[in-house]
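Okay, so here's the structure we're looking at.
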Amino acid sequence: MNFQKRTNTCGELRKEDAGRNVTLNGWVATVRDLGGLIFIDLRDRYGITQLVIHPETQTELAERSKEIKSEFVIWANGNVRMRENPNPNIPTGLIEIRLEDFGIINKAELPPFEIIDEIGTSEEIKLKYRYLDLRRHSMQRYFITRNQVYQVVHKYFNENNFLEVETPFLMKSTPEGARDYLVPSRIYKGRFYALPQSPQLYKQILMMSGFDRYVQIVKCFRDEDLRSDRQPEFTQIDLEMSFVEREDIISIAEGFYSRLWKEVLGIEVKTPFLRMSYNDAMNNYGSDKPDLRFGLELTDVSDIVKNSGFKVFSDTVNAGGVVKVLNAKGCAEFSRKKIDELTELAKKYGAKGIAWLKLIDGEINSPISKFLNENEIEQIKRITSIENGDLLLFSSDKWARACTILGALRLEVAKQTGLIESVKNKFSFLWVLDFPLLDFDEESQRYVAMHHPFTSPMDEDIHLLDSESSKARAKAYDIVINGAEVGGGSIRIHNRDIQEKMFKLLGMSNEEAELKFGFLLDALKYGAPPHGGIALGLDRTVMTLTGTDNIRDVIAFPKTTSGLSLMDGAPSNVDETQLKELGLKIIE
RNA sequence: GGGGUCGUAGCUCAGUUUGGUUAGAGCGCCAGUCUGUCACACUGGAGGCCGCGAGUUCGAGCCUCGUCGGCCCCGCCA
């Protein structure tokens with residue numbers, strides 16, 4: 001099809017261009033036919049420019065323009081001139097194009113929803129017509145930010161001597177951790193490649209090859225259920241460094257984030273970032289990724305109530321559990337119904353119930369106050385710094401669960417009281433450190449690596465591996481922004497003996513370790529430098545930069561919560577011949 | 001694997017509580033009027049498998065069961 005190529009975009013013409021003859025290409029946003037005057041808004045990625053037709057003197061043009069509808073793709077030629085009535089709301093608002101000639105490059109059916117910034121269209125419709133949804137400027141700006149992040153990654157890490165290296169997407173399945181996406185091998189029937197959950201082992205091996213500093217913007221695949229911040233394929237800024245300690249990784253990552261915030265948002269982020277141990281994070285905020293933009297810290301009253309007449313508390317403490325309290329500031333007016341709703345939320349996290357205590361006009365109001373003596377109440381009041389109008393929420397359980405329950409309530413209370421809304425323009429960067437090396441998995445009744453099996457224990461905890469391995473801490477670190485985990489990493493094991501011991505702790509026999517990770521153990525034999533790294537979640541970073549709470553907004557073609565791609569219909573059935581070629585048979 | 005919530009016009013929703021005449025609104029769309037609009041305005045009009053399938057009933061958008069799909073959460077995500 002023939003068309004006049006654009007001389008300018010729809011976002012760049014200004015008053016200085018008045019008098020020029022220009023040609024624009026773009027999509028018709030709106031047509032406003034006033035009878036004696038016709039306005040057409042033409043849109044492209046760069047903006048919107050107004051075209052104007054005067055039917056009185058441009059009869060033929062006006063007649064032809066009647067065919068133009070929304071979302072038609074057209075070329076438009078005319079003269080730039082100053083507007084009689086400027087529109088201060090758009091950058092091109094001072095000028096307009098007096099149309100001389102135009103052509104319809106491609107017609108468009110009426111779209112299922114309007115291509116405007118604020119729309120209430122359901123996610124289902126928007127995902128089905130993703131190409132139309134992405135045509136909206138409010139969507140395009142997410143990808144403009146995302147592109148800025150790519151550029152900063154390339155610049156920053158190049159300046160710091162990192163090499164970008166691509167690692168395979170078809171790799172060996174390593175069933176530790178998340179479920180693998182498998183790809184059947186045609187050549188070796190019954191055998192499978194796996195898509196990488198992360199390039200973890202490749203980047204470690206690159207260190208053994210002497211690449212020294214590696215970075216890659218890379219897709220990772222995990223076959224697990226989705227969430228508003230989780231997609232089955234997502235992007236990491238993956239990096240690894242040799243001859244380093246934890247501080248080196250932390251400082252490189254901090255440099256990257258402060259550079260990113262400066263270039264994208266123009267905000268100076270103070271470094272070094274705050275740091276907190278995993279233990280303190282759990283104890284004080286009930287989360288391993290605490291949002292520090294507001295207070296509402298947890299306190300521990302186990303010692304106060306361990307001999308209490310309230311059996312739920314004293315029995316829990318005597319059985320090795322804890323009693324934790326969240327002071328919900330100013331929430332004493334919460335109704336019984338509201339507290340019941342908080343209890344329901346707590347139950348999702350495994351709580352059997354929630355005890356509460358209100359202080360109103362100096363009077364205690366609580367269903368459990370009759371079980372507590374005066375001394376206990378006084379001490380609780382003091383340690384929680386309760387004031388008139390406050391509501392205390394108690395959780396008594398095993399330590400981790402009690403903390404997690406109140407951590408969830410903390411976020412809910414912050415949401416309900418408007419606390420989160422009040423800090424939405426702030427950024428809180430935090431390192432969470434000193435994670436446990438191992439985590440006991442109730443399901444399989446064995447220890448699993450909390451980070452991954454290649455994470456180095458802390459030097460001073462290595463002696464614990466043989467005696468009290470559950471107490472050993474890891475050289476691992478998570479980076480948390482505004483309560484979202486955006487990255488995590490560790491110093492790796494570079495000693496074959498320790499790596500073998502680690503596999504053993506995870507219940508893996510020598511043979512099994514050899515079978516699954518023999519190539520790594522082999523590589524460790526031939527001179528492995530001390531090394532470590534971190535993986536930064538690119539999608540979540542873009543979410544934080546743009547302020548969206550949904551990961552679908554920052555991924556061009558995302559899946560739904562149930563893992564479907566509504567636009568192209570993946571996953572789909574395949575031909576019998578394809579299956580046969582792969583040696584596969586579908587079992588109903 | 002489990003829980004919650006939603007599905008009615010092209011889009012967003014009301015109607016479902018208590019089954020009962022012809023299923024409504026706003027936006028969009030179509031037609032007409034209109035010379036400075038920019039979410040143009042005004043007048044008129046068209047537009048429905050009430051997600052799908054069974055069941056209960058004289059009668060189902062509304063009740064029951066199943067199923068498909070969206071969103072959120074728990075588990076899961078080394």
Side-chain angles (χ1 to χ4, degrees), chain A residues 29-43 48-58 62 66 69-71 82-90 92-93 96 109-129 132 174-180 197-198 200-201 220-232 234 341 344-351 404-405 408 411-412 435 437-439 441-444 447-455 474 476 485 488 490 502 506 535 537 549-550 552 559-564 566:
Chain A
T30 54
V31 180
R32 293 181 296 278
D33 183 350
L34 273 54
L37 201 56
I38 301 167
F39 296 105
I40 296 167
D41 284 348
L42 196 63
R43 182 193 66 235
I48 286 182
T49 299
Q50 175 169 285
L51 316 174
V52 61
I53 300 170
H54 295 265
E56 204 172 73
T57 53
Q58 302 178 290
K66 291 218 187 315
K69 305 284 178 192
S70 285
E71 300 311 315
M82 302 303 289
R83 289 199 195 186
E84 276 179 42
N85 296 307
N87 180 355
N89 300 319
I90 57 173
T92 61
E96 65 192 358
E109 278 185 26
L110 182 68
F113 51 86
E114 289 179 81
I115 313 301
I116 53 177
D117 277 355
E118 300 86 18
I119 53 170
T121 308
S122 72
E123 198 71 10
E124 197 171 354
I125 301 284
K126 287 195 290 182
L127 287 173
K128 181 174 178 191
Y129 300 96
L132 297 180
T174 53
E176 292 285 315
R179 200 176 289 116
D180 279 329
Q197 299 168 27
S198 90
Q200 183 60 34
L201 293 174
C220 302
F221 306 85
R222 295 180 188 174
D223 188 3
E224 298 292 348
D225 288 342
L226 292 80
R227 286 285 190 287
S228 56
D229 62 351
R230 267 164 41 188
Q231 281 274 311
F234 60 98
E341 284 167 8
E344 283 310 305
L345 176 67
K347 283 180 177 169
K348 279 188 180 176
Y349 292 83
T404 305
I405 288 163
L411 291 178
E412 183 60 25
F435 282 88
L437 183 69
L438 302 170
D439 193 21
D441 179 46
E442 298 287 345
E443 199 183 321
S444 58
Y447 282 105
V448 295
M450 187 142 180
H451 187 58
H452 58 52
F454 320 106
T455 297
E485 182 198 326
S490 63
M502 187 68 192
L506 300 175
D549 57 7
N550 202 299
R552 286 186 300 271
K559 309 282 185 286
T560 67
T561 316
S562 55
L564 301 177
L566 296 182

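Look at S122(A) and you'll find a side-chain N or O under 4.0 angstrom from OP1 or OP2 of U12(B). Remark: T561(A) is in phosphate contact with C71(B), judged by side-chain N or O atoms under 4.0 Å from OP1 or OP2. For the pair K69(A) and C30(B), the criterion of a side-chain N or O lying under 4.0 Å from OP1 or OP2 is met.
Under the Watson-Crick or G-U wobble criterion, with both distances below 3.5 Å, G69(B) is paired with C6(B). Across the strands present, U64(B) finds its partner in A54(B); the criterion is a Watson-Crick or G-U wobble pair with both atom distances under 3.5 angstrom. Taking a pair to require two hydrogen-bonding distances under 3.5 Å in either a Watson-Crick or a G-U wobble arrangement, G28(B) remains unpaired. Judged by Watson-Crick or G-U wobble contacts below 3.5 Å, the nucleotide C34(B) has no partner.
One C1' atom belongs to A14(B), the other to G55(B), and the distance between them is 28 Å to the nearest Å. Of the P atoms belonging to G4(B) and C77(B), the separation is 24 Å, rounded to the nearest Å. Look at the P atom in both C74(B) and U64(B): the space between them is 29 Å, to the nearest Å. Here the separation of G24(B) from C50(B), taken at their C1' atoms, is 12 Å to the nearest Å. Nucleotides U8(B) and C71(B) place their P atoms 15 Å apart, quoted to the nearest Å. With C1' as the reference atom, G59(B) and G19(B) are 8 Å apart, rounded to whole Å. On the P atoms, U57(B) is 35 Å away from G1(B), given to the nearest whole Å. Taking atom C1' on both nucleotides, G47(B) is separated from G26(B) by 15 Å, rounded to a whole Å.
Distance, D33(A) CG to C38(B) P: 14 Å, rounded to whole Å. Whole-Å rounding puts the Y349(A) OH to C72(B) C1' distance at 11 Å. In this entry the distance linking CD of Q231(A) with P of G70(B) reads 12 Å, nearest Å. As rounded to whole Å, 15 Å separates atom P of C6(B) from atom CD of E124(A). What separates CG of L226(A) from P of G1(B) is a distance of 14 Å, to the nearest Å. One can place CG of D441(A) at 13 Å from P of G75(B), the figure rounded to the nearest angstrom. Between the CD1 atom of I115(A) and the C1' atom of C27(B) there is a distance of 15 Å, given to the nearest Å. Spacing between atom CD of Q58(A) and atom P of U35(B) amounts to 15 Å, rounded to whole angstrom units.
Here F39(A) lies parallel enough and close enough to stack on the base of U37(B), with planes under 30° and ring centres under 5.5 Å apart.
Environment of OH in Y129(A): sparse, with no more than 12 heavy atoms of neighbouring residues, nucleotides or ligands closer than 6.0 Å. Taking a 6.0 Å sphere around NZ of K128(A), one finds it holds 12 or fewer heavy atoms contributed by other residues, nucleotides or ligands.
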Stepwise side-chain contact (heavy atoms from CB on, under 4.5 Å) check, S70(A) with E114(A): CA-CA 9 Å; S70(A) 285; E114(A) 289 179 81; over 6 Å; no
Is there a side-chain contact (heavy atoms from CB on, under 4.5 Å) between K126(A) and I119(A)? Walk through the geometry before answering. CA-CA 10 Å; K126(A) 287 195 290 182; I119(A) 53 170; 3.9 Å; yes
Using side-chain contact (heavy atoms from CB on, under 4.5 Å), reason through I90(A) and T49(A) one step at a time and then give a plain yes or no. CA-CA 9 Å; I90(A) 57 173; T49(A) 299; over 6 Å; no
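Which of C71(B), C38(B), U35(B) sits closest to the side chain of R552(A) comes down to C71(B). With distances taken from any side-chain atom of E224(A) to the nucleotides G70(B), C77(B), C38(B), the minimum falls on C77(B). Nearest to the side-chain atoms of E123(A) among the listed nucleotides C11(B), C38(B), G70(B) stands G70(B). Taking every side-chain heavy atom of Q50(A) into account, U37(B) is the closest of C11(B), C73(B), U37(B). When distances run from any side-chain atom of R230(A) to the nucleotides G69(B), C76(B), C38(B), the shortest one goes to C76(B). With C27(B), C71(B), G70(B) as the choices, the nucleotide that has an atom nearest any side-chain atom of N550(A) turns out to be C71(B). Taking the side chain of R32(A) as heavy atoms from C-beta on, and the options G70(B), U37(B), C11(B), the nearest nucleotide is U37(B). Side-chain atoms of K348(A) lie closest to C74(B) of the nucleotides U35(B), C74(B), G28(B). If you check C38(B), C73(B), G75(B) against the side chain of S228(A), the one that comes closest is C73(B). When the nucleotides G69(B), C76(B), C73(B) are ranked by their closest atom to the side chain of S562(A), G69(B) comes out on top.
Nucleic acid contact class of Q197(A) (heavy atoms, under 4.0 Å, all strands): none. Counting any heavy atom pair closer than 4.0 Å across all strands shown, P86(A) reaches a base atom. Within 4.0 Å of L110(A), counting heavy atoms only, lie sugar-phosphate atoms of the nucleic acid but no base atom. The residue I116(A) sits apart from the nucleic acid: no heavy atom pair falls under 4.0 Å. Heavy atoms of R83(A) sit under 4.0 angstrom from at least one base atom. P453(A) comes within 4.0 angstrom of a nucleotide base, judged by non-hydrogen atoms across all strands. Counting non-hydrogen atoms under 4.0 angstrom, E96(A) reaches a base of the nucleic acid.
Of the charged side-chain nitrogens involved, none lies within less than 4.0 Å of a carboxylate oxygen, so that K69(A) and E109(A) do not count as a salt-bridged pair. Note on R32(A) versus D41(A): salt bridge recorded, some NZ/NE/NH1/NH2 to OD/OE distance being below 4.0 Å.
S228(A) has its side chain out of reach of D549(A): every pair of non-hydrogen atoms, C-beta onward, lies at least 4.5 Å apart.
Rounded to the nearest 0.5 angstrom, L506(A) CG and Y447(A) OH are separated by 11.5 Å.
Residue-to-nucleotide proximity on RNA chain B shows that, of Q200(A) and G350(A), the 5′-proximal contact is made by G350(A).
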